[in-house]
Amino acid sequence: MSKTIITFGEILLRLSPANHSKIYKSRTFEAHYGGAEANVGASLALFGCDVKFVTSVPDNELGDSALSELRSYGVEPIAVKQGKRLGVYYFEQGASERPGKVLYDRDASSFADLKKGMINWEVIFKDAHWFHWSGITASLTEDLAILSKEALEAASKLGLTISADLNYRPTLWNYGKKASEIMPDLVQYCDVLLGGSDDSEKCLNIKIEASESIDAVFNKWKRQFPKLKTIVSTMRYDANASSNTIGAVLWNDGKLLKSKEYKISHIIDRIGAGDAFMAGLIYGLVTWPESYQETLEYALAASCLKHSIPGDINLSSVNDVTALMNGAGGGRVIR
């Protein structure tokens with residue numbers, strides 16, 4: 001794993017009321033840094049990968065603090081310093097039947113002001129072999145969607161493996177375009193895609209019937225986007241804010257694999273669980289390129305562990321993940 005993995009997105013300041021409190025009337029907030037693509041990059045770096053994260057932050061103490069946080073995990077940030085504000089989001093942790101809630105405050109952030117031509121992708125991709133992005137970036141502004149395509153064209157031209165998480169967030173698509181109008185033009189460059197049946201029409205403009213199996217859905221995606229080789233989807237069952245059962249499937253060139261399932265009975269923090277899965281998937285595809293079942297199980301074990309860790313980022317090591325993957329569950333004390 002000597003070559004570099006590049007991730008691209010916005011790093012955010014996350015503010016959360018303590019002890020499952022509601023935002024309404026909260027007077028103190030716990031601070032973390034995160035964001036989908038930053039979370040993936042940090043987790044991959046903790047797995048021992050060489051990772052660079054492309055972003056934009058303000059040239060002030062808050063921007064410097066966010067970049068320092070990334071470096072503490074082993075990520076090398078490549079940041080355009082501009083503007084005056086770091087994007088923020090507030091996360092209210094749910095409990096039992098009360099759902100969690102996210103409030104975004106990221107309009108006019110430094111990252112939202114990025115435009116095509118501001119990043120030299122060919123230089124950034126020079127020694128890289130993998131590029132990861134997500135639909136969140138394309139949802140923020142039309143300029144960022146155009147910039148994402150610029151990055152994808154450069155990565156494709158240079159032969160990088162390209163992965164994406166559809167990460168559909170309906171509250172973020174506010175600039176007059178639907179995800180289904182933007183995302184297909186970007187997904188066409190992808191080799192690896194994380195998404196589910198619910199995303200098919202909303203993100204990819206591919207209609208499906210309620211009776212269609214996930215295998216049939218992914219076959220439709222492959223016909224629409226021929227470059228796709230691997231498609232994955234995570235699933236939650238018997239879910240409330242405090243406990244979930246999770247599983248996943250991986251489709252690779254027409255073959256569908258299913259993971260084991262984990263029953264998570266006491267969720268500490270589920271934010272970033274999908275990003276932990278994505279990092280595990282990329283790590284697995286790089287480490288065991290022909291062992292798709294092992295890759296799938298590693299990715300799901302990483303996601304499972306993230307539910308027990310506060311903040312956005314999965315702090316688990318390769319040994320932590322492989323131990324769970326190989327059956328060392330149950331929460332026993334390691335002595």
Side-chain angles (χ1 to χ4, degrees), residues 6-13 34-41 53-59 63 66 77-89 102-125 131-157 160 162-190 193-195 198-207 221 224-225 227-228 274-275 278:
I6 307 293
T7 66
F8 168 54
E10 182 168 26
I11 185 165
L12 300 161
L13 174 64
E37 306 85 0
N39 298 341
V40 172
F53 175 65
V54 182
T55 192
S56 181
V57 298
D59 189 8
I78 301 173
V80 176
K81 289 196 171 183
Q82 63 170 5
K84 296 181 178 179
R85 65 183 306 262
L86 194 72
V88 178
Y89 83 95
V102 169
L103 298 176
Y104 292 110
D105 178 17
R106 52 201 300 181
D107 291 347
S109 68
S110 296
F111 185 78
D113 285 341
L114 282 176
K115 293 175 175 58
K116 181 179 179 180
M118 295 177 69
I119 295 171
N120 191 332
W121 294 110
E122 292 198 358
V123 171
I124 288 170
F125 291 147
F131 176 55
H132 177 71
W133 64 284
S134 95
I136 289 177
T137 296
S139 75
L140 297 175
T141 69
E142 191 163 9
D143 281 327
L144 281 170
I146 293 168
L147 178 58
S148 296
K149 185 168 183 179
E150 181 186 50
L152 290 164
E153 287 175 341
S156 182
K157 179 182 176 182
L160 277 68
I162 298 172
S163 63
D165 185 342
L166 290 177
N167 261 339
Y168 180 60
R169 304 287 187 267
T171 58
L172 292 177
W173 287 90
N174 294 319
Y175 58 86
K177 297 284 188 179
K178 296 179 181 178
S180 58
E181 297 176 88
I182 298 292
M183 291 297 288
D185 194 35
L186 305 179
V187 170
Q188 65 173 317
Y189 296 97
C190 291
L193 187 64
L194 172 59
D198 290 346
D199 300 314
S200 191
E201 189 167 354
K202 294 173 183 175
C203 281
L204 303 179
N205 203 27
I206 299 174
K207 293 185 178 181
W221 291 13
Q224 185 69 27
F225 306 106
K227 194 169 183 279
L228 280 179
D275 307 323
M278 191 76 231

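Not a single donor-acceptor pair under 3.5 Å links the side chain of Ser156 to the backbone N or O of Leu152. Side chain of Ser110 to backbone of Gln82: a donor-acceptor contact under 3.5 angstrom is found. With Lys227 contributing its side chain and Tyr189 its backbone, the two residues share a donor-acceptor pair below 3.5 Å. Formation of a donor-acceptor pair under 3.5 Å by the Asn205 side chain with backbone atoms of Glu201 is not found in this model.
Thr141 pairs by the side-chain hydrogen bond (donor to acceptor under 3.5 Å, both in side chains) definition with nothing, not counting sequence neighbours. Residues passing the side chain to side chain contact (heavy atoms under 4.5 Å, CB included) test with Asp199 are Leu166, Tyr168, Cys203, sequence neighbours excluded. With sequence neighbours excluded, the residues that form a side-chain hydrogen bond (donor to acceptor under 3.5 Å, both in side chains) with Thr137 are Glu37. With sequence neighbours left out, the side-chain hydrogen bond (donor to acceptor under 3.5 Å, both in side chains) criterion links Tyr89 to Asp312. Under the side chain to side chain contact (heavy atoms under 4.5 Å, CB included) criterion, Ala36 pairs with Ser134, Ile136, Asn167, Asp275, not counting sequence neighbours. Under the side chain to side chain contact (heavy atoms under 4.5 Å, CB included) criterion, Ala164 pairs with Trp133, Cys190, Leu193, sequence neighbours left out. Looking at residues two or more places apart in sequence or on another chain, you find no salt bridge (Lys or Arg N to Asp or Glu O under 4.0 Å) involving Lys116. Asp105 is linked by a side-chain hydrogen bond (donor to acceptor under 3.5 Å, both in side chains) to Arg85, counting only residues two or more places apart in sequence or in another chain. Partners of Phe225 according to the ring pair (Phe, Tyr, Trp, His ring centres under 6.0 Å) rule, which considers only residues two or more places apart in sequence or in another chain, do not exist here. Every side chain to side chain contact (heavy atoms under 4.5 Å, CB included) that Ser163 has, sequence neighbours left out, goes to Trp130, His132, Val192, Met278, Ile282.
Using the six-membered ring where Trp is involved, Phe8 and Phe111 have ring planes that are tilted, between 30° and 60° apart.
To the nearest 0.5 angstrom, Ile78 atom CD1 is 4.5 Å from Ile124 atom CD1. Between the CG atom of Leu86 and the CG atom of Leu12 there is a distance of 6.5 Å, given to the nearest 0.5 Å. Rounded to the nearest 0.5 angstrom, Thr55 OG1 and Ile119 CD1 are separated by 8.5 Å. Taking CD1 of Ile162 as the start and CG of Leu186 as the end, the distance is 10.5 Å to the nearest 0.5 Å. In this structure, OG on Ser109 lies 12.0 Å from CG on Leu13, to the nearest 0.5 angstrom. Atom OG of residue Ser56 and atom CD1 of residue Ile11 lie 12.0 Å apart, to the nearest 0.5 angstrom.
Contact annotation: the side chain of Val57 approaches that of Lys81 to within less than 4.5 Å [non-hydrogen atoms, C-beta and beyond]. Gln224 is not listed as a side-chain neighbour of Leu204, based on a closest heavy-atom distance of 4.5 Å or more.
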For residues 171-183, which side-chain N or O atoms pair as donor and acceptor with protein atoms under 3.5 Å away, sequence neighbours left out?
unit_1 : atom_1 : unit_2 : atom_2 : d
Asn174 : ND2    : Thr171 : O      : 2.8
Tyr175 : OH     : Ala138 : O      : 2.7
Glu181 : OE2    : Lys178 : N      : 2.8

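The shortest non-hydrogen separation linking Ala112 to Ala108 is CB-N, 4.1 Å. Between Phe125 and Ala151, the shortest heavy-atom distance links the atoms CE1-O, 3.4 Å.
Listed by first and then second residue, the salt bridge (charged side-chain N to carboxylate O under 4.0 Å, His left out) pairs that reach into residues 148-157 are Glu122-Lys157, Lys149-Asp185, sequence neighbours excluded.
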